[in-house]
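Per chain, numbering begins at 1; letters A, B, ... match sequence-line order.
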Amino acid sequence: MSEKEIKNPGTEATRSLEEIFDQRIARDEKIEPKDWMPEKYRKTHIRQISQHAHSEIVGMLPEGNWISRAPSMRRKVALLAKVQDEAGHGLYLYSACETLGISREELYEQLHTGKAKYSSIFNYPTTTWADMGAIGWLVDGAAIINQVPLCSTSYGPYARAMVRVCKEESFHQRQGFEIMMKLAEGTPEQKAMAQDALNRWWWPSLMMLGPTDAESVHTEQSMKWKLKRKTNDELRQQFIDQTVPQADLIGLTIPDPDLKWNEETEHYDFGEIDWDEFWQVVKGHGPCNKERLSARVNAWEEGEWVRDAAMAYSKKQTDKKLKKAI
Amino acid sequence: MKNENIIQYIYGIADNTLILGQRLSELCGHGPNLETDIALTNMALDLLGQTRSYYQYVAQLSGDEKTEDDIAFLRIERQYKNVLLVEQPNRHFGYVITRQFFYDVFHLLLLQELQDSTDETLAAIAKKGIKEVSYHQRFSSDWIKRLGDGTEESHKKAQEAVDDLWRFTDELFHMTEDDTIVMQNEIGVDTVTLKEKYYQRVREVLEEATLSVPETKWFQKGGKEGIHSEHMGYLLSDLQYMQRAYPNMKW
């Protein structure tokens, strides 16, 4: 609420807080943590931002799987730095989420008990080095398409975190594409490895942009709050149109026999997505759902004594200082 | 003195940063909290970055077609000259921190001397590394204190790691034949002279952390001569997997 509105409640009496709030959003004003907001707005933002944060830290696992086996020193360092960036994204996003009045412990609890979701794409296994390329190129590519509009979303802390996240993601995407390009121009074995990775990651990447508009439950409200600017289907089309020429450029084939340029719509037509698979993975039946979650739970549980030690030590230090002061 | 002596001398430093960097990078994504995860990864990145500078220099000295990757990935176990300490596994966070602390204190003392080497490249790598390693030492010392003087459980776990890893500290000062030749030519560091300062610093931190300093006089060595622990083979099979399975390719 602006200062004027607080000072002159009489003149605004007919307008509810919610109407004022809606108008602020319509004027593209940012909502800040201490501003009044509808409970539903707060809850939706906790859900989306935490889901995003969880995706970052669960997303560290499939790529972390190849750090110790990266094929060159340059690739090892780049992959390590990339996975570390994801931890950094998790950190900004958890912090943004905490401004909505929920603690990091509660957020972890929601992840560990399966109450909160994370992006389903990370429930697929990374079986070859080429998967590091495919994830960067396709998964980060799809993530950028999802996330760029969030840089101007209505909730200030989220929008600001996203500006930094998007900059780094676009670097990751180029890095992934470069891995694929190098493989595609390499030996027949390397090219086959790249094609195999594309075959396995293509459809899950399309699913990553969310259910079709007809099935998407949150779209309308999210559009209003600028959590979304385009529908899932529009974003998916944008991703396909952008990615197909890149695959052509490096001589890899998109694993979709129905994929075809449509002169009339000036977009690619594409084949049917297997939504049964998508919902199965969302419900916990993907190839790595159990492994990903148990890796997170283990790290948290095995780290408990370490976090406790840090707390106990810091308290002892404060007590010592207090004693000295007295 | 031949180039080969310097190359072997460099392996004695750079294989430590490679293997410790590899061990730390195994933890990426599995830290006790995000902040620590990020910090450990930072140290891994510093160490691997230093490794690359050393290996690129070795590649240059060896004068053949060798690259940093041939050196990092295509030697047999016997040819890696890292100390036993850095190849020890990540048994729990107490081990990770103690291994790091025991190495950091040595590493900083080493680089502070190496920066005066008459070999300009080594001196430059050392100068750059000092900044990074000073931070590593601060980080691991702070954590030793937190764990030692934290809770009863953390004290016990930290003490267990200190007692267990202590036996690998003496090897840090072992001089191989190559080390001695390179030191006599004013390129390498006489690590024996660092010993007193090392144990003094380590003692100070352990005492502040309320941890007891082990009294054992039995130490293990071998890594610097290429005779490693049983853990090393598994570490190398991960490290070398791609280069062994797909030889002579560009990545």
message = Can you confirm whether A/Lys316 is buried at NZ, in the sense that more than 12 heavy atoms of other residues, nucleotides or ligands lie under 6.0 Å from that atom?
response = yes
request  = Answer yes or no for A/Arg307 and A/Trp300: cation-pi contact, defined as NZ/CZ to six-membered ring centre under 6.0 Å and angle to ring axis within 45°.
outcome  = yes
inquiry  = Salt bridge or not between A/Glu63 and A/Lys82? Use side-chain N to carboxylate O under 4.0 Å.
reply    = yes
message = Report which part of B/Leu18 has an atom under 4.5 Å of a heavy atom belonging to chain A: side chain, backbone, both, or neither.
response = side chain
query = Measuring heavy-atom distances to chain B, does A/Leu91 have an atom under 4.5 Å in its side chain, in its backbone, in both, or in neither?
reply = both
inquiry  = Can you tell me which portion of A/Met193 sits under 4.5 Å from chain B's heavy atoms? Options are side chain, backbone, both or neither.
reply    = side chain
ask   = Hey, is B/Asp104 close enough to B/Arg138 for a salt bridge, meaning N to O under 4.0 Å?
value = no
task = Look at B/Gln243, B/Glu153, B/Met249 and state which one has the largest set of heavy-atom pairs under 4.5 Å with chain A.
result = B/Met249
key: Most contacts with chain B, counted as non-hydrogen pairs under 4.5 angstrom, among A/Ala309, A/Ser314, A/Ala295   = A/Ala309
task = Please flag which part of B/Phe73 lies under 4.5 Å from any non-hydrogen atom of chain A: side chain, backbone, both or neither.
result = side chain
inquiry  = With a 4.5 angstrom heavy-atom cut-off, is it the side chain or the backbone of A/Glu302 that approaches chain B, or both, or neither?
reply    = neither
key: Which portion of A/Thr187 sits near chain B, non-hydrogen atoms under 4.5 angstrom   = side chain
request  = Heavy atoms only, distances under 4.5 angstrom: which of A/Ala70, A/Pro71, A/Ala310, A/Gly88 has the most pairs with chain B? Name it, please.
outcome  = A/Pro71
ask   = For B/Asp149, is it the side chain, the backbone, both or neither that has a heavy atom under 4.5 Å from a heavy atom of chain A?
value = both
key: Segment of A/Ile57 engaging chain B (4.5 angstrom heavy-atom cut-off)   = side chain
key: Salt bridge flag under 4.0 Å for residues A/Glu178 and A/Arg74   = yes
request  = Measure from NZ or CZ of A/Lys182 to the centre of the six-membered ring of B/Trp251 and say whether it is under 6.0 Å with the direction within 45° of the ring axis.
outcome  = no
Side chain to side chain donor-acceptor pair (under 3.5 Å) assessment of A/Tyr94 paired with A/His54 = CA-CA 8 Å; A/Tyr94 282 124; A/His54 298 326; 2.7 Å; yes
message = Counting only non-hydrogen atoms closer than 4.5 Å, does B/Lys157 touch chain A with its backbone (N, CA, C, O), its side chain (CB onward), both, or neither?
response = side chain
ask   = Does the ring center of B/Tyr95 lie less than 6.0 Å from the ring center of B/His92?
value = yes
ask   = Should we say atom OH of B/Tyr135 is surrounded by more than 12 heavy atoms from elsewhere, each under 6.0 Å from it?
value = yes
task = Heavy atoms only, distances under 4.5 angstrom: which of A/Arg104, A/Glu304, A/Met311 has the most pairs with chain B? Name it, please.
result = A/Arg104
Chain B contact via A/Arg69 - side chain, backbone, both or neither, heavy atoms under 4.5 Å = both
ask   = For A/Lys315, is it the side chain, the backbone, both or neither that has a heavy atom under 4.5 Å from a heavy atom of chain B?
value = neither
inquiry  = I'd like to know if the side chain of B/Glu132 and the backbone of B/Met43 have a donor-acceptor N/O pair within less than 3.5 Å.
reply    = no
ask   = With a 4.5 angstrom heavy-atom cut-off, which part of B/Asn248 approaches chain A: side chain, backbone, both or neither?
value = neither
query = What about the rings of B/Phe102 and B/His107, do their centers lie closer together than 6.0 Å?
reply = no
task = Using non-hydrogen atoms and a 4.5 Å limit, figure out which bit of B/Ala44 sits close to chain A: side chain, backbone, both or neither.
result = both
